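Note that ligands are numbered from 1 as they come in the structure, with each ligand's atoms numbered from 1 the same way. Please read these numbers as outputs of a predicted model, since none were measured by experiment.
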Amino acid sequence: MINLVLFGKPGAGKGTQAEFLKSKYELVHISTGDVFRHNIKNATDLGKLAQSFMDKGDLVPDSVTINMLEAEVEKNPKAKGFIFDGFPRTEAQAFALDDFLAKKGMQVSATIALEANDDELVSRLLKRGEISGRSDDQDENKIRNRFDEYNQKTAPLRSYYTTQNKFHSINGIGSIEEITGRLTAVINTL
Ligand code: AMP
C-alpha cells in the first residue's frame, strides 16, 4: 500500500499532479480543499463552518479538518492507498493522521514537497483564479496570507517527516510531464 502526502504551498501543483498519480498508481485522491469547496457549494453545515476561514485564506480549525479527513478515508475501505493533497497542514493534523492510520495498520509512505518560489506561485494562482473563479485565488492579499499560514503552521512538518525519513523534495517548476517524472522517480524508490 502506498500512502502519499503531497506537500507544497498553494499553487505548487499538488492537485494537478495528484490527478496523474492517482491513475498511475491506482490511489484514492483526497484533497481537503476540494472537499471543503464541495461542502460550501452544497451549503452543508461543514461548508458553512469552513467558508469564513477559507474566504480569508486562513486554515480551517484542526478538529473540523481532521474529522473530515478521517471520514473521507473511511468512505474508501477497499483503497489500495491514498494521496493526501493539502493534508496535513499543521502538526496536530500530522499527529492525528499518523495515529489514525496506525489504528488501521497503515502508515504514510512518503511526503513529497513540490517546490516553487512565491512570485511564480502568485502568478499561477491569479491565473487559476481567473479561470476557476475561486475567490481565494483572485486576491493577492489572501494568497500571501495563505503563504503565511503555510510558513507558520505547515513548514514545520518538514522536520517532522524528515525525522521519520519520509521527506522528499522536488523542483516544482517545469512542464506537468517533467514534474510527474520527478514524482514518479521518488515513488518508484518506495
Ligand atoms: P487548497 O485547495 O488546498 O488550497 O485549500 C483551500 C483552503 O481550504 C485553505 O486555504 C484552507 O482554508 C482550507 N483547507 C484545506 N485543507 C486544509 C487543512 N488541511 N487544514 C486547514 N484548512 C484547510
Side-chain angles (χ1 to χ4, degrees), residues 3-22 28-75 82-101 108 111-116 118 120-158 160-161 172 179 183:
N3 295 306
L4 293 176
V5 171
L6 284 187
F7 204 75
K9 286 185 181 167
K14 302 184 294 293
T16 305
Q17 292 299 329
E19 283 304 309
F20 289 98
L21 297 178
K22 76 172 188 190
V28 173
H29 171 207
I30 301 179
S31 154
T32 41
D34 283 351
V35 180
F36 283 135
R37 280 184 287 279
H38 179 80
N39 276 277
I40 289 173
K41 204 167 147 205
N42 291 293
T44 66
D45 289 343
L46 176 65
K48 286 176 201 150
L49 206 160
Q51 184 153 28
S52 60
F53 297 95
M54 290 177 74
D55 279 349
K56 287 185 276 193
D58 290 343
L59 292 186
V60 177
D62 281 333
S63 56
V64 176
T65 309
I66 291 166
N67 285 338
M68 180 194 86
L69 187 278
E70 293 184 359
E72 291 299 312
V73 172
E74 298 290 6
K75 282 182 195 165
F82 292 88
I83 303 175
F84 299 108
D85 160 6
F87 186 98
R89 265 168 146 113
T90 65
E91 284 186 332
Q93 292 179 17
F95 301 154
L97 181 63
D98 278 355
D99 282 354
F100 173 69
L101 292 180
V108 169
T111 302
I112 312 180
L114 296 167
E115 309 282 2
D118 284 6
E120 163 79 17
L121 295 175
V122 170
S123 90
R124 283 188 194 175
L125 288 169
L126 290 172
K127 259 185 227 141
R128 183 170 86 180
E130 267 175 36
I131 297 163
S132 70
R134 258 181 79 170
S135 64
D136 60 346
D137 283 347
Q138 290 177 338
D139 175 335
E140 188 162 341
N141 287 330
K142 287 184 192 174
I143 292 174
R144 299 269 176 200
N145 184 47
R146 285 153 72 200
F147 291 173
D148 288 344
E149 287 280 75
Y150 179 92
N151 290 333
Q152 283 172 34
K153 299 176 182 166
T154 311
L157 297 184
R158 285 168 175 270
Y160 179 69
Y161 287 113
I179 298 165
L183 283 163

Visitor: How far does CZ of Phe147 sit from CD of Glu140, to the nearest 0.5 angstrom?
Guide: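 If we round to the nearest 0.5 Å, Phe147:CZ and Glu140:CD are 8.5 Å apart.
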Visitor: Please report the interatomic distance CD(Glu72) to OG1(Thr32), rounded to the nearest 0.5 Å.
Guide: 9.5 Å
Visitor: Hey, which of Leu121, Leu125, Asp136 is the one that makes side chain to side chain contact (heavy atoms under 4.5 Å, CB included) with Pro10?
Guide: Leu125
Visitor: How would you list all residue pairs meeting salt bridge (Lys or Arg N to Asp or Glu O under 4.0 Å) that involve residues 43-55, not counting sequence neighbours?
Guide: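 Qualifying pairs: none.
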Visitor: With atoms numbered from 1 as shown, which atoms in ligand 1 lie under 4.0 angstrom from a non-hydrogen atom of Arg134?
Guide: 1 (P), 2 (O), 4 (O), 6 (C)
Visitor: May I ask you to identify the nearest protein heavy atom to atom 7 (C) of ligand 1, giving residue, atom name and distance to one decimal place in Å?
Guide: Met54 CE, 3.6 Å
Visitor: Could you grab the distance from atom CD1 of Ile30 to atom NZ of Lys75, nearest 0.5 Å is fine?
Guide: 8.5 Å
Visitor: Which atoms of ligand 1 have any heavy atom of Asp58 under 4.0 Å away?
Guide: 11 (C), 12 (O)
Visitor: Check ligand 1 against Thr32 and write out every atom of the ligand that is under 4.0 Å from a heavy-atom position of the residue.
Guide: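 Heavy-atom distances to Thr32 below 4.0 Å select 15 (C), 16 (N), 17 (C), 19 (N).
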Visitor: What I want to know is whether Leu59 and ligand 1 share at least one N or O pair that is separated by under 3.5 angstrom.
Guide: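 No; the residue has no nitrogen or oxygen that sits under 3.5 Å from a nitrogen or oxygen of the ligand.
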Visitor: Going by distance only, is there an N or O of Asp34 that falls short of 3.5 Å from an N or O of ligand 1?
Guide: no
Visitor: I need the full list of salt bridge (Lys or Arg N to Asp or Glu O under 4.0 Å) pairs touching residues 120-131, with sequence neighbours left out, sorted by first then second residue.
Guide: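 Of all non-adjacent pairs touching residues 120-131, those that pass salt bridge (Lys or Arg N to Asp or Glu O under 4.0 Å) are Glu120-Arg124, Arg128-Asp137.
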Visitor: Would you say Arg37 contacts ligand 1, with heavy atoms under 4.0 Å as the rule?
Guide: yes
Visitor: Select the closest option to atom 9 (C) of ligand 1 among Met68, Lys56, Arg89, Glu149, judged by heavy-atom distance.
Guide: Arg89
Visitor: What atoms of ligand 1 come within less than 4.0 Å of a heavy atom belonging to Thr65?
Guide: 18 (C), 19 (N), 20 (N), 21 (C)
Visitor: Taking Asn141's backbone N and O only, do any of them form a donor-acceptor pair with Asn145's side chain (distance below 3.5 Å, no angle check)?
Guide: no
Visitor: Indicate yes or no for a side-chain donor-acceptor contact from Gln17 to the backbone of Gly13 under 3.5 Å, with no hydrogens or angles considered.
Guide: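 Between the backbone of Gly13 and the side chain of Gln17 there is no qualifying donor-acceptor contact (under 3.5 Å).
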Visitor: Can you report which non-hydrogen protein atom sits closest to atom 22 (N) of ligand 1, along with the distance?
Guide: Val60 N, 3.0 Å
Visitor: Of the protein's non-hydrogen atoms, which lies at the shortest distance from atom 23 (C) of ligand 1, and what is that distance?
Guide: Phe36 CE1, 3.8 Å
Visitor: If you count the atoms of ligand 1 from 1 in the order shown, which ones are under 4.0 Å from a heavy atom of Gln93?
Guide: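 Numbered from 1, ligand 1 contributes 18 (C), 19 (N), 20 (N), 21 (C).
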Visitor: If only atom types and distance count, is the side chain of Lys22 paired as donor or acceptor with the main-chain N or O of Ile83 below 3.5 Å?
Guide: no
Visitor: Compute the shortest N/O to N/O distance between Gly86 and ligand 1 and return yes if it is under 3.5 Å, no if not.
Guide: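 Yes, there is a polar N/O contact under 3.5 Å.
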Visitor: May I ask you to identify, for Asp85, whether its side chain, its backbone, both or neither come under 4.0 Å of ligand 1 on a heavy-atom basis?
Guide: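 Asp85 to ligand 1: no contact under 4.0 Å from either part.
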